[in-house]
Every structure is written in structure tokens, then in C-alpha cells.
*Asks:* 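First the structure, which I've put down as C-alpha cells, then a few questions once you've had a look.
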Amino acid sequence: MTETPEPAKPSFRSDVTVELVKHSAGDADVLFAARVSTAGEQSLEEVTKDPERSKGLINFLMRDRHGSPFEHNSMTFFISAPIFVFREFMRHRVGWSYNEESGRYRQLEPVFYVPDESRKLVQQGRPGKYEFVEGTQAQHELTGRVMEDSYRQAYEAYQEMLAAGVAREVARSVLPVGLYSSMYATCNARSLMHFLGLRTQHELAAVPSFPQREIEMVGQRMEEHWARLMPLTHAAFNKNGRVAP
């Protein structure tokens, strides 16, 4: 007699996953693209033989907002985050490609977002002029308890519908936006800089930004990977107010 496997039990996370899975991206890509307009095709040795000149050229391009040389590269990230983060993410369309896991074709795993105590819970002020504050211990405890109870109830309903033969694409409708999803996101440096300018807060930013904390967590991790790949470009981005060219 075949035993029926135990239903999956919900698990809870407060973090995100960002992995650089492949790339073709370096500061030399910016230099190649920029110099072809004035010097024609050049070898890698010619392009990179003068580090100070390379640094100066990249800073000039960033400062004067000559953006197209920053598009000749590619980075693909694997990202695991709550669905509500992806709904914000896909506001970024120019220079981005996405493929997200599908609830039509596979059973979704019961992994859900519950903020930890570092997440500021309470919004104060009017729209356009508000701030977030820590919140009380009671508010944190309430948030965790209510979210976990809601997630468990939703996933039980999802499993009940699947067990009754309801299609995955229908049953998934009961699941909340706090469910973790995963996707591949591919971009170039210019599109990533635009994303970072809007989705991270930074002391060097010339234009203030007010991102939701969870998408900022994703942005910060993407920026760490990018800064290692293209250190001159990243430095110029910071030096010039973190405004995409």
C-alpha cells in the first residue's frame, strides 16, 4: 500500500536571495562602446592600457549623461523574494527581461514572508511626506502571529483544492502576495543604475528615494555583485549622485 505523503508545512523567512548566475559585464565594455565613436574598433589592450584615462572617460560619460555605452553588457540574477516585491520590480521594463516561476505549471512551495524585528512597522505622516518608525513589541508580535495564521489557512485551502482535482492555475488564487516566488532577471548596467536610483536609499544620492524596504534589500544585494564586476562604473555612479545616465 502506498502511503500518502505528508502535506508540506509552511515555513517563514524575512530575507531575500539574490545570486549572480551569469554575466558579460566589465568596465572595458563601457570603454569599447564609447571609444568606437571616435577611434573606431580597438583591441582590449588599447582600450584598457591607461587606467587613469579609462577612469576619467567613464566618469565623463556618467557626469554628462552619455548613457548608451553603459548598455553593452549583461547580468542575469536569480532572485527569490515575496510576490509583492516582484510586482514592484516589474515597474522596471526598459532594459530588463524577466522569467518568473509559474503557479500554472508547478505546485507552489509554502514559503512566506514575515518581517523580522529590524523592519520598521508603523507609517507616520501624510502621503508624500511620511516616515516609518520601529513599532512596539506588541505590534511586532501581532504582525508575526496574524501573518503566520493567515498564511497557514491560505495554504491549507490551496492544498485542499489541489487534492480535489482543481487546476493549479485556479487554486493558486487563494495564495497571498507574501508567498515567495523566484525569477531570473537580466539587465544591463544602465537599467540597473536606474533601478538602484529609485529602489535604494544612499547618502550620496542627489535625488532622494523612498523604496519599500523589501525591494531595497534586493537592490542592495544586486549592487554588491555589480560593484565587483564594474568597479569604475560603480564609483562614477556614486560620485555623480547615483543618477542613471
*Asks:* What heavy-atom pair brings C187 and L192 nearest, and what distance separates the two atoms?
*Replies:*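 Distance-wise, the nearest heavy atoms are SG-CB, 4.0 Å.
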
*Asks:* Counting C-beta onward and ignoring hydrogens, is there a side-chain heavy-atom pair between S24 and N73 closer than 4.5 Å?
*Replies:*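 They are not in side-chain contact.
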
*Asks:* Would you indicate whether the side-chain heavy atoms of F70 and T233 approach each other to under 4.5 Å?
*Replies:*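 They are in contact (side-chain heavy atoms under 4.5 Å apart), so the answer is yes.
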
*Asks:* Do L20 and Y184 land in one hydrophobic cluster if side-chain heavy atoms of ILVMFWY residues count as linked below 4.5 Å?
*Replies:*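 Cluster IDs for L20 and Y184 differ.
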
*Asks:* Taking only residues at least two apart or on different chains, which pairs with a member in residues 196-220 satisfy ring pair (Phe, Tyr, Trp, His ring centres under 6.0 Å)?
*Replies:*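 Every pair satisfying ring pair (Phe, Tyr, Trp, His ring centres under 6.0 Å) with a residue in residues 196-220: there are none.
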
*Asks:* Check this for me: does any side-chain nitrogen of one of E214 and R119 sit under 4.0 Å from a carboxylate oxygen of the other?
*Replies:*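 Here E214 pairs with R119 in a salt bridge, since their nearest N and O are under 4.0 Å apart.
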
*Asks:* Answer yes or no: are there more than 12 heavy-atom neighbours, outside Q123 itself, under 6.0 Å from its atom CD?
*Replies:*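 Correct, the count exceeds 12.
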
*Asks:* How long is the span from the NE2 atom in H92 to the CG atom in L196, to the nearest 0.5 Å?
*Replies:*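 Separation between the atoms: 9.0 Å.
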
*Asks:* For G95 and S191, work out which heavy atoms get closest and say how close.
*Replies:*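 The pair with the smallest heavy-atom distance is O-OG, 3.1 Å.
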
*Asks:* Looking only at heavy atoms, what is the nearest atom pair of A189 and M75, with distance?
*Replies:*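 Minimum heavy-atom separation between A189 and M75: N-CE, 3.8 Å.
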
*Asks:* Measuring from atom CE of M217 to atom CD1 of I215, what distance do you get when rounded to the nearest 0.5 angstrom?
*Replies:*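 Separation between the atoms: 11.5 Å.
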
*Asks:* Counting only pairs under 3.5 Å, give me each side-chain donor-acceptor contact of residues 234-245, with atom names and distances, residues two or more places apart or in other chains.
*Replies:*
unit_1, atom_1, unit_2, atom_2, d
H234, NE2, E223, OE2, 2.7
N238, OD1, R242, NH1, 2.7
N240, ND2, N59, OD1, 2.9
N240, ND2, A236, O, 2.9
R242, NH1, E223, OE2, 2.8
R242, NH2, T200, OG1, 3.1
R242, NH2, E223, OE1, 2.9
R242, NH2, E223, OE2, 3.4

*Asks:* Given side chains that start at C-beta, do those of Q201 and P211 come closer than 4.5 Å, heavy atoms only?
*Replies:*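 Yes, side chains in contact.
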
*Asks:* Check step by step if side-chain contact (heavy atoms from CB on, under 4.5 Å) holds for H23 and T76.
*Replies:* CA-CA 6 Å; H23 68 87; T76 298; over 6 Å; no

*Asks:* So, for P115 and L121, which heavy atoms are closest and what is the spacing to 0.1 Å?
*Replies:*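 Closest heavy-atom pair between P115 and L121: CG-CD2, 4.4 Å.
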
*Asks:* Hey, are the side chains of S74 and T186 touching, using non-hydrogen atoms and a 4.5 Å cut-off?
*Replies:*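 A side-chain contact exists here, since the closest heavy-atom pair is under 4.5 Å.
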
*Asks:* Tell me, please, which residues at least two apart from N99 pass side-chain hydrogen bond (donor to acceptor under 3.5 Å, both in side chains).
*Replies:*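 N99: no side-chain hydrogen bond (donor to acceptor under 3.5 Å, both in side chains) contacts found.
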
*Asks:* Kindly give the heavy-atom pair with the smallest separation between Y158 and A171, and that separation in Å.
*Replies:*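 Nearest pair, atom of Y158 first, then A171: CD1-O, 3.4 Å.
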
*Asks:* May I ask you to decide whether R91 forms a salt bridge with E88, counting only side-chain N to carboxylate O separations under 4.0 Å?
*Replies:*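 Looking at R91 and E88, the cut-off is not met.
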
*Asks:* Which residues pass the ring pair (Phe, Tyr, Trp, His ring centres under 6.0 Å) test with F89, sequence neighbours left out?
*Replies:*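 With sequence neighbours excluded, F89 shows a ring pair (Phe, Tyr, Trp, His ring centres under 6.0 Å) to W96, Y98, F195, given in chain and number order.
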
*Asks:* Could you state the interatomic distance from CD1 (I79) to CE (M222), rounded to the nearest 0.5 Å?
*Replies:*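 It comes to 4.5 Å.
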
*Asks:* Only pairs under 3.5 Å count here: list side-chain donor-acceptor contacts from residues 145-152, not counting sequence neighbours, and write none if there are none.
*Replies:*
unit_1, atom_1, unit_2, atom_2, d
Y151, OH, Y113, O, 2.7

*Asks:* Looking at G197 and S209, what are the two nearest heavy atoms and their distance?
*Replies:*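 So the minimum-distance heavy-atom pair works out to O-CB, 3.5 Å.
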
*Asks:* Assess, by modelled atom type and distance only, whether the side chains of Q212 and E216 contain a donor and an acceptor separated by less than 3.5 Å.
*Replies:*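 Q212 vs E216: no donor-acceptor pair found between side chains.
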
*Asks:* Shared ILVMFWY cluster between Y180 and M183, side chains joined below 4.5 angstrom?
*Replies:*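 Same cluster.
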
*Asks:* Just verifying a value: how many Å separate L31 CG and S54 OG, rounded to the nearest 0.5 Å?
*Replies:*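 Going from CG on L31 over to OG on S54, the span is 4.5 Å.
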
*Asks:* Using the ring of each side chain (for Trp, its six-membered ring), is H225 parallel, tilted or perpendicular to F77, with breaks at 30° and 60°?
*Replies:*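 Because their plane-to-plane angle lies in the 30° to 60° range, the rings of H225 and F77 count as tilted.
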
*Asks:* Do F12 and P10 touch side chain to side chain, with heavy atoms closer than 4.5 Å?
*Replies:*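 Sidechains of P10 and F12: in contact.
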
*Asks:* Determine yes or no for a side-chain-to-main-chain donor-acceptor pair under 3.5 angstrom, with D64 supplying the side chain and L61 the backbone.
*Replies:*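 Between the backbone of L61 and the side chain of D64 there is no qualifying donor-acceptor contact (under 3.5 Å).
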
*Asks:* Treat each ILVMFWY residue as a node, draw an edge where side-chain heavy atoms are under 4.5 Å apart, and state whether V18 and F78 are in one component.
*Replies:*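 No: no chain of side-chain contacts under 4.5 Å links V18 to F78.
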
*Asks:* Counting only heavy atoms not in Q107, do more than 12 fall under 6.0 Å of its CD?
*Replies:*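 Above 12, so yes.
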
*Asks:* Go through the steps for Y155 and K9 under the test side-chain contact (heavy atoms from CB on, under 4.5 Å), then give the verdict.
*Replies:* CA-CA 9 Å; Y155 201 76; K9 295 182 180 180; over 6 Å; no

*Asks:* Would you mind reporting whether F32 and P69 have side-chain heavy atoms less than 4.5 Å apart?
*Replies:*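 SC-SC contact between P69 and F32 ruled out.
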
*Asks:* Can you pull out every salt bridge (charged side-chain N to carboxylate O under 4.0 Å, His left out) where at least one residue sits in residues 100-112? Sequence neighbours excluded, please.
*Replies:*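 Listed once each, the pairs are R87-E100, E101-R106, R104-E169.
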
*Asks:* Measure the CG-CZ distance between L175 and R172 for me, rounded to the nearest 0.5 Å.
*Replies:*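 Output value for this atom pair is 9.5 Å.
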
*Asks:* When you look at Q137 and E141, which way does the side chain to side chain donor-acceptor pair (under 3.5 Å) test go after all the steps?
*Replies:* CA-CA 6 Å; Q137 183 64 32; E141 291 174 358; 3.3 Å; yes

*Asks:* Going by atom types only, do T17 and R13 share a side-chain donor-acceptor pair under 3.5 Å?
*Replies:*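 Yes, side-chain donor-acceptor contact under 3.5 Å.
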
*Asks:* Hey, does V122 have a side-chain heavy atom less than 4.5 Å from the side chain of F132?
*Replies:*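 The answer is no; the side chains never approach within 4.5 Å.
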
*Asks:* Taking atom CG of N188 and atom NE2 of H72, what is their separation to the nearest 0.5 Å?
*Replies:*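 Those atoms lie 9.0 Å apart.
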
*Asks:* Is any NZ, NE, NH1 or NH2 atom of the basic residue among R190 and E71 found under 4.0 Å from an Asp or Glu carboxylate oxygen of the other?
*Replies:*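 Counted as a salt bridge, because a side-chain N and a carboxylate O are separated by less than 4.0 Å.
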
*Asks:* Check whether any side-chain heavy atom of V16 lies under 4.5 Å from a side-chain heavy atom of V85, and answer yes or no.
*Replies:*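 V16 does not reach V85 side chain to side chain.
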
